[in-house]
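Heads up, the thing below is written out as structure tokens.
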Amino acid sequence: QANADQLLEQGREIFLNQGNCSSCHTLTDAKSDGDIGPNLNQIMPTKDRVLAVVTRGIGVMPAYEGILNTEEIDAVAHYVSVVAPQ
């Protein structure tokens, strides 16, 4: 459980700061209300979907491969996929 909790915390930190996801996306858990990208509360993406989109980018969202390492991308994908449906 400690690992899952640590992964959530790391993902939250990346979402809010390092990845700057909160500036474009709405996600209640992160207290973000960006309206450039999709509302993550509404689309409730799976972890695999978040991994793919964060890694390769889509539409106006840039690829974060090379900006975030694979561990960081995994953490933010875990975080979004766990908290978005709430």
Side-chain angles (χ1 to χ4, degrees):
Q1 183 69 334
N3 280 351
D5 291 344
Q6 289 171 332
L7 199 57
L8 271 179
E9 272 310 306
Q10 181 185 10
R12 182 180 286 116
E13 168 65 25
I14 292 165
F15 188 92
L16 289 170
N17 300 309
Q18 199 173 351
N20 203 26
C21 314
S22 59
S23 64
C24 293
H25 294 283
T26 293
L27 184 60
T28 300
D29 185 83
K31 297 178 179 56
S32 64
D33 61 356
D35 60 2
I36 295 168
N39 180 324
L40 299 173
N41 297 315
Q42 293 175 347
I43 65 170
M44 299 182 289
T46 64
K47 183 174 181 178
D48 286 344
R49 181 73 176 144
V50 180
L51 281 170
V53 170
V54 173
T55 301
R56 294 190 292 274
I58 191 171
V60 297
M61 181 172 160
Y64 278 80
E65 188 172 44
I67 297 169
L68 299 175
N69 66 37
T70 54
E71 179 184 298
E72 292 165 334
I73 292 172
D74 184 67
V76 78
H78 174 77
Y79 169 68
V80 170
S81 68
V82 168
V83 305
Q86 297 180 352

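The first residue of the sequence shown is numbered 1, and numbering continues consecutively from there.
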Could you pull out all residues at least two apart from Arg49 that satisfy side chain to side chain contact (heavy atoms under 4.5 Å, CB included)? Pro45, Thr46, Val53, Ile58
Which atom names give the shortest non-hydrogen contact between Glu72 and Leu68, and what distance separates them? OE1-CA, 3.3 Å
Drop me the distance from Leu40's CG to Tyr79's OH, to the nearest 0.5 angstrom. 9.5 Å
Heavy-atom side-chain proximity of Glu13 to Val76 below 4.5 angstrom: no
Reported OG1-to-CG distance for the pair Thr28 and Asn39, which is rounded to 0.5 angstrom: 7.0 Å
Here the gap from Lys47 atom NZ to Asp74 atom CG, rounded to the nearest 0.5 Å, amounts to 3.5 Å
Do you know which two heavy atoms are closest between Thr55 and Ala63, and how far apart they sit? O-CB, 3.2 Å
Find the distance between SG (Cys24) and CG (Asp33) and round it off to the nearest 0.5 Å. 11.5 Å
Look at the side chain of Ser81 and the backbone N and O of His78, then say whether any donor-acceptor pair between them is shorter than 3.5 Å. yes
Which pair of heavy atoms, one from Ala75 and one from Ile14, lies closest together, and at what distance? CB-CD1, 4.2 Å
Heavy-atom closest pair, residues Ala84 and Leu27: CA-CD1, 3.8 Å
Test item: Tyr64 side-chain N/O and Gly19 main-chain N/O as donor-acceptor pair under 3.5 Å: yes
Please say yes or no: joined through hydrophobic side-chain contacts below 4.5 Å, possibly via intermediate residues, are Ile36 and Phe15 part of one cluster? no
Calculate, to the nearest 0.5 Å, the distance between atoms CG and CD belonging to Asp5 and Gln10 respectively. 13.0 Å
Using a 3.5 Å distance criterion without hydrogens, assess whether the side chain of His25 forms a donor-acceptor pair with backbone atoms of Pro38. yes
